[in-house]
Amino acid sequence: MISRQLVLTYLYLLIYICLSSGVILFNKWVLSPKYFKFPFPITLTMIHMAFSGIVTFFLVRVFKVVAPVKMTFHIYATCVIPISAFFASSLWFGNTAYLYISVAFIQMLKALMPVATFIMAVFCGTDKLRWDLFLNMVLVSVGVVVSSYGEIHFNVIGTLYQVTGIFAEALRLVLTQVLLQKKGLTLNPITSLYYIAPCSFIFLFIPWYLLEKPEMDVTQIQFNYSIFFLNALSAFALNISIFLVIGRTGAVTIRVAGVLKDWILIALSTIIFPESVITSLNIIGYAVALSCVVLYNYLKMKDVRANQLPADNNSDRATKDKKSSSMFRPDNSMDNSDGTVAGGLASEAAAVDEEAPLIPSARLSYVTRTQTGSSSNR
């Protein structure tokens, strides 16, 4: 018989795939001038941040579903604020791209995420320039270029918005590693939103006031509160699903689910939005890019495991020494920290989604674990 735990694991993965695809398609439908006709991506992102901030406040402070981390003013000012700025920017530019290009083409451009993260990591000194990885990144870029060449409705502005959002997200991932992980902070998707969402809302308020508020005053758009509530709820539910998946699967599983989700999303977008047309060059270019991304993740995870072996051996040796010494001290209490379990689960997360900030996956997905020198933060 199939175990209940296995069924729950696949159920959580299915929920993650559905919600991740649903949020992207929902955002496209809301922002598209052809459908819901709400072309204000900053406003939509601010609604998400406000909703997430309020709900996570109740989850963390009132219902105590998860415990808050020890956050000092210095850490918040030097770490959370700059990370929130780049997170807000990545959401702003990424959502703006929906106004100009199709969901399918956006997913194809997102294959550039490892390239952008690798460049930022090398630039910031958290990763070394290796020729095998560099060649892999070149092939990813070639695949994206081929896919872009095959795009029928290619739009320069939309492409620039999406690529800018990708690089903002890549810089945010590297900053997460440099600023938070070195301080030993571990944030799951719920606690990360608890700290990041309010700060991101404030950062988005300035461009919203300058760019979108004047136009909204002129057009006098009527808010459909039920639609925006469902949209924000879907985005927040995506974070909850990631939180559940993290606890049951590893980085490899959720990455495979992410690849499957991308192909499903591309197929669904052509059905829901008929103006989105996929050509053979789109498919060939994206398949090449995605294959290289999978190879890149494999190489990085292989490096992580190889570098973990000496550390694990040292840990086992220390544990044996500790046990042998305790034989001569029967009354000695053996300390056992459960924090390593939480940190290990946190580092297993490997999804970079529109509304999932600071998922502690950046390191395992894009940057080697051994170069951080500390436990993982997302």
Side-chain angles (χ1 to χ4, degrees), residues 17 20-21 24-25 28 90 93-94 97-98 100-123 127 129-156 158-174 251-270 276-303 350-354 361-362 364-367:
I17 292 174
S20 182
S21 303
I24 294 173
L25 294 172
K28 172 65 176 180
S90 67
F93 294 128
Y98 289 122
Y100 301 96
I101 54 181
S102 65
V103 171
F105 187 47
I106 286 175
Q107 292 304 118
M108 295 175 188
L109 289 176
K110 284 181 182 179
L112 288 173
M113 176 60 75
V115 179
T117 309
F118 180 70
I119 293 173
M120 291 299 177
V122 172
F123 181 77
D127 205 352
L129 181 61
R130 287 170 41 185
W131 289 109
D132 56 343
L133 296 180
F134 178 77
L135 178 60
N136 189 276
M137 296 299 96
V138 171
L139 293 176
V140 172
S141 303
V142 170
V144 174
V145 169
V146 172
S147 179
S148 301
Y149 183 77
E151 177 64 19
I152 296 177
H153 304 293
F154 182 81
N155 185 283
V156 176
T159 303
L160 288 177
Y161 268 118
Q162 183 60 42
V163 173
T164 304
I166 289 172
F167 273 89
E169 172 68 5
L171 187 54
R172 195 270 302 170
L173 290 174
V174 176
V252 176
T253 305
I254 198 171
R255 280 231 159 263
V256 172
V259 172
L260 178 62
K261 181 262 298 183
D262 290 338
W263 285 109
I264 292 175
L265 184 56
I266 290 174
L268 283 177
S269 66
T270 59
S276 178
V277 180
I278 299 178
T279 64
S280 57
L281 277 179
N282 285 142
I283 298 297
I284 294 173
Y286 184 60
V288 171
L290 202 59
S291 300
C292 294
V293 169
V294 172
L295 177 61
Y296 174 74
N297 283 316
Y298 170 76
L299 293 174
K300 300 301 287 187
M301 293 174 66
K302 186 179 179 181
D303 291 342
V352 179
D353 271 296
E354 279 64 16
S361 58
L364 196 54
S365 304
Y366 306 112
V367 189

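Residue numbers start at 1 and run along the sequence shown. Values in this document were obtained by computation on a predicted structure and should not be read as measured data.
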When rounded to the nearest 0.5 angstrom, what is the spacing between [atom1] in [X] and [atom2] in [Y]?
X	Y	atom1	atom2	value
S148	M108	OG	CE	9.0 Å
T279	I284	OG1	CD1	8.5 Å
Y98	I24	OH	CD1	4.5 Å
L268	S276	CG	OG	11.0 Å
D262	S20	CG	OG	7.5 Å
L260	L265	CG	CG	11.0 Å

Between the side chain of [X] and the main-chain N/O of [Y], is any donor-acceptor distance below 3.5 Å?
X	Y	answer
S147	G143	no
N136	L133	no
K261	I17	no

With a 4.5 Å limit on heavy-atom distance, are the side chains of [X] and [Y] in contact?
X	Y	value
L129	F118	yes
L109	I101	yes
F134	V122	no
N282	E151	yes
I283	I278	yes

Discussion item. Show every salt bridge (charged side-chain N to carboxylate O under 4.0 Å, His left out) that has at least one partner inside residues 131-143, sequence neighbours left out.
Written reply: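 Counting only pairs at least two positions apart or across chains, the salt bridge (charged side-chain N to carboxylate O under 4.0 Å, His left out) contacts touching residues 131-143 are R130-D132.
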Minimum heavy-atom separation for [X] to [Y], with atom names?
X	Y	value
Y100	G158	CB-CA, 3.5 Å
A170	M120	CB-CG, 4.1 Å
I266	A104	CG2-CB, 4.0 Å
S90	E169	OG-OE1, 3.4 Å

Worksheet item: Between Y286 and W263, what is the ring plane arrangement, given parallel below 30°, perpendicular above 60°, and tilted in between?
Response: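 Plane angle over 60°, so perpendicular.
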Fill in: Partners meeting side-chain contact (heavy atoms from CB on, under 4.5 Å) with Y149 (sequence neighbours left out)
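For Y149 the side-chain contact (heavy atoms from CB on, under 4.5 Å) partners, ignoring immediate neighbours, are L281.
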Fill in: Partners passing side-chain contact (heavy atoms from CB on, under 4.5 Å) against V294 (at least two apart in sequence or in another chain)
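Result, side-chain contact (heavy atoms from CB on, under 4.5 Å) vs V294: V259.
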Fill in: Residue that, paired with Q162, satisfies side-chain contact (heavy atoms from CB on, under 4.5 Å) out of T164, T159, I166, L160
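Result: among T164, T159, I166, L160, I166 is the only option passing the side-chain contact (heavy atoms from CB on, under 4.5 Å) with Q162.
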